[in-house]
Number of protein chains: 2
Amino acid sequence: MGKLATEMLKGTLEGIVLAILSTRPAYGYEITAWLRDRGFADIAEGTIYALLIRVERHGLVDVEKVPSEKGPPRKVYRLNADGREYLDEFWRTWGFLTDRLEQLREGGR
Amino acid sequence: MGKLATEMLKGTLEGIVLAILSTRPAYGYEITAWLRDRGFADIAEGTIYALLIRVERHGLVDVEKVPSEKGPPRKVYRLNADGREYLDEFWRTWGFLTDRLEQLREGGR
DNA sequence: CCAACTATTCAGTGTTGCCAAGTACCGGTA
DNA sequence: TACCGGTACTTGGCAACACTGAATAGTTGG
């Protein structure tokens with residue numbers, strides 16, 4: 001989607017990934033593929049891995065190394081209590097932002 | 001709103017300001033005040049000015065220096081044709097993002 | 001004259017996502 | 001066996017953006 005989307009993703013991509021993890025545990029390669037399927041065609045692989053390491057460092061997820069049948073071991077991430085709290089906060093902030101922008105968008109016509 | 005909002009604003013703040021400018025010309029100080037009124041309480045002054053200089057450099061706005069009755073001259077920004085096009089693109093990207101997040105939000109309950 | 005408000009600029013910082021390359025493990029095929 | 005493609009993760013360097021804090025400057029009122 002281009003450079004515009006890149007900047008817009010900053011801050012939201014983290015929420016997106018945490019939201020995915022809130023429905024089920026997952027690992028990096030899986031998440032990347034999932035996102036590509038849903039239209040986030042050009043999200044760089046490295047981005048997701050870096051993001052996962054970051055949220056782990058922030059203590060929002062727990063990690064478990066699981067052997068794979070078809071490659072190196074997977075790092076499976078699971079949202080923990082702190083992560084859920086953070087995700088709630090994310091949705092609140094997101095809601096605030098969408099409200100403002102919705103008003104602006106309507107005002108603009 | 002804290003650090004979360006700061007990151008989420010990246011990329012969208014530009015759209016917000018351009019959306020404001022699409023309804024009428026305005027200058028930095030005015031825009032900052034307007035945003036503060038609408039709940040963007042802690043947007044730094046310097047941020048808006050830097051953003052305005054950026055969009056000017058990108059050729060999305062035209063500028064006119066207008067004397068003020070109560071202070072130094074104002075730099076009044078006006079959205080031009082390229083700016084409108086860019087704003088359209090912004091709304092498309094924003095729409096895409098809100099759609100995905102809405103789905104995720106619903107899926108998360 | 002100085003304090004307060006109006007109005008803009010600028011240098012330095014941290015966070016984020018992107019890019020590109022590299023490592024490593026596995027199965028199938030020539 | 002040797003190689004290739006798919007799986008899976010890591011890393012270093014880069015650019016863009018918003019924030020911080022301080023500086024500059026014009027105007028009005030006490």
Side-chain angles (χ1 to χ4, degrees), chain A residues 1-18 25-36 40-58 60-61 63-77 86 90 93 97, chain B residues 1-18 25-36 40-58 60-61 63-77 86 90 93 97:
Chain A
M1 300 233 35
K3 206 160 71 63
L4 230 165
T6 290
E7 288 308 322
M8 239 183 267
L9 273 180
K10 289 190 180 175
T12 54
L13 185 56
E14 187 170 301
I16 290 170
V17 169
L18 292 180
Y27 56 97
Y29 194 81
E30 186 185 9
I31 294 173
T32 304
W34 191 90
L35 287 173
R36 288 205 202 289
F40 294 100
D42 43 69
I43 284 188
E45 282 229 56
T47 298
I48 297 299
Y49 290 114
L51 190 157
L52 287 170
I53 287 170
R54 201 168 67 227
V55 292
E56 183 192 355
R57 212 173 53 232
H58 290 339
L60 306 178
V61 294
V63 193
E64 189 189 358
K65 199 158 248 177
V66 176
S68 160
E69 321 85 41
K70 2 173 65 180
R74 299 165 174 164
K75 282 177 73 177
V76 174
Y77 293 86
Y86 186 88
F90 169 81
T93 306
L97 204 54
Chain B
M1 298 232 36
K3 203 162 75 62
L4 231 164
T6 290
E7 289 309 324
M8 233 181 272
L9 274 180
K10 287 188 182 177
T12 55
L13 185 56
E14 188 170 300
I16 290 170
V17 170
L18 292 181
Y27 56 98
Y29 192 81
E30 185 185 8
I31 294 172
T32 304
W34 191 91
L35 287 172
R36 288 206 202 289
F40 294 101
D42 42 70
I43 285 188
E45 284 231 54
T47 299
I48 297 300
Y49 289 112
L51 191 158
L52 287 170
I53 287 170
R54 202 169 65 230
V55 292
E56 183 192 354
R57 210 174 53 232
H58 290 340
L60 308 177
V61 293
V63 193
E64 189 190 357
K65 200 158 248 177
V66 175
S68 159
E69 321 85 40
K70 4 173 64 179
R74 301 162 172 165
K75 281 178 73 178
V76 174
Y77 292 85
Y86 186 89
F90 169 81
T93 305
L97 203 56

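Quick note on labels: first sequence line is chain A, next is B, and so on, each numbered from 1.
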Chemist: Would you kindly give the CD-to-P distance between B:E64 and C:dA7, to the nearest whole Å?
Modeler: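 Nearest whole value for this atom pair: 15 Å.
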Chemist: How many Å lie between CZ on B:F40 and C1' on D:dC19, as a whole number?
Modeler: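 After rounding, the reported distance stands at 16 Å.
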Chemist: Return the value, rounded to whole Å, for the distance between atom CD1 of B:I48 and atom P of D:dC17.
Modeler: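 After rounding, the reported distance stands at 13 Å.
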Chemist: Quick check: on DNA chain D, is the nucleotide nearest B:A44 upstream (toward 5') of the one nearest B:R57, or the reverse? Name the residue that is more 5'.
Modeler: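 It is B:R57, whose closest nucleotide lies nearer the 5' terminus.
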Chemist: Measure the distance from CG on A:L18 to P on C:dT16 and round it to the nearest whole Å.
Modeler: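 Interatomic distance, CG of A:L18 to P of C:dT16: 11 Å.
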Chemist: Looking only at the side chain of B:E7 (C-beta and beyond, no hydrogens), which of the listed nucleotides C:dT15, C:dC18, D:dC17 gets closest?
Modeler: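 For B:E7, the side-chain atoms sit closest to C:dT15.
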Chemist: Output the rounded distance in Å from CG (A:D42) to C1' (C:dC19).
Modeler: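 After rounding, the gap between these two atoms is 13 Å.
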Chemist: Could you give the CG-to-P distance, from A:L13 to D:dC17, as a whole number of Å?
Modeler: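 Those two atoms, CG and P, are 17 Å apart.
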Chemist: How would you list, by chain and number, every residue that makes a salt bridge (Lys or Arg N to Asp or Glu O under 4.0 Å) with A:R54, sequence neighbours excluded?
Modeler: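 Only A:E14 meet the salt bridge (Lys or Arg N to Asp or Glu O under 4.0 Å) criterion with A:R54.
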Chemist: Determine: side-chain N/O of B:R54 to OP1/OP2 of D:dC17, distance under 4.0 Å, yes or no.
Modeler: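 Yes, because at least one side-chain N or O of B:R54 sits under 4.0 Å from OP1 or OP2 of D:dC17.
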Chemist: Before you tell me yes or no, could you show the steps for A:V61 and A:L52 under side chain to side chain contact (heavy atoms under 4.5 Å, CB included), namely the whole-Å CA-CA distance, both residues' side-chain angles and the distance that decides it to 0.1 Å?
Modeler: CA-CA 9 Å; A:V61 294; A:L52 287 170; over 6 Å; no
Chemist: Take atom CZ of A:R36 and atom P of D:dT7, then tell me their distance rounded to the nearest Å.
Modeler: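 Distance check: A:R36 CZ to D:dT7 P gives 12 Å.
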Chemist: Identify the heavy atoms of B:M8 and A:L97 that sit nearest to each other, and give their distance.
Modeler: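 That closest heavy-atom pairing would be O-CD2, 4.0 Å.
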Chemist: Among all residues two or more places apart in sequence or in another chain, which pass the salt bridge (Lys or Arg N to Asp or Glu O under 4.0 Å) test with A:E7?
Modeler: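 In terms of salt bridge (Lys or Arg N to Asp or Glu O under 4.0 Å), with neighbours along the sequence ignored, A:E7 is linked to A:K10.
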Chemist: Among B:E64, B:R74, B:K65, whose side chain to side chain donor-acceptor pair (under 3.5 Å) with B:Y27 holds?
Modeler: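 Checked B:E64, B:R74, B:K65 against B:Y27; only one passes side chain to side chain donor-acceptor pair (under 3.5 Å): B:R74.
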Chemist: Does the side chain of A:L9 reach to within under 4.5 Å of the side chain of A:F40, using non-hydrogen atoms?
Modeler: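 Yes - at least one pair of side-chain heavy atoms lies under 4.5 Å apart.
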Chemist: Between P on C:dT16 and CG on A:L9, what's the gap in Å once rounded to a whole number?
Modeler: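 Those two atoms, CG and P, are 13 Å apart.
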Chemist: For A:T47 versus A:I43, what's the shortest heavy-atom pair and its separation?
Modeler: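 Where A:T47 meets A:I43 most closely, the heavy atoms are CB-CG2, 4.5 Å.
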Chemist: Would you give a per-nucleotide map of nucleotides 8-15 of chain D, 5' to 3', where B means the base has a protein non-hydrogen atom under 4.0 Å away, S means only the sugar-phosphate does, and - means neither?
Modeler: BBBB----
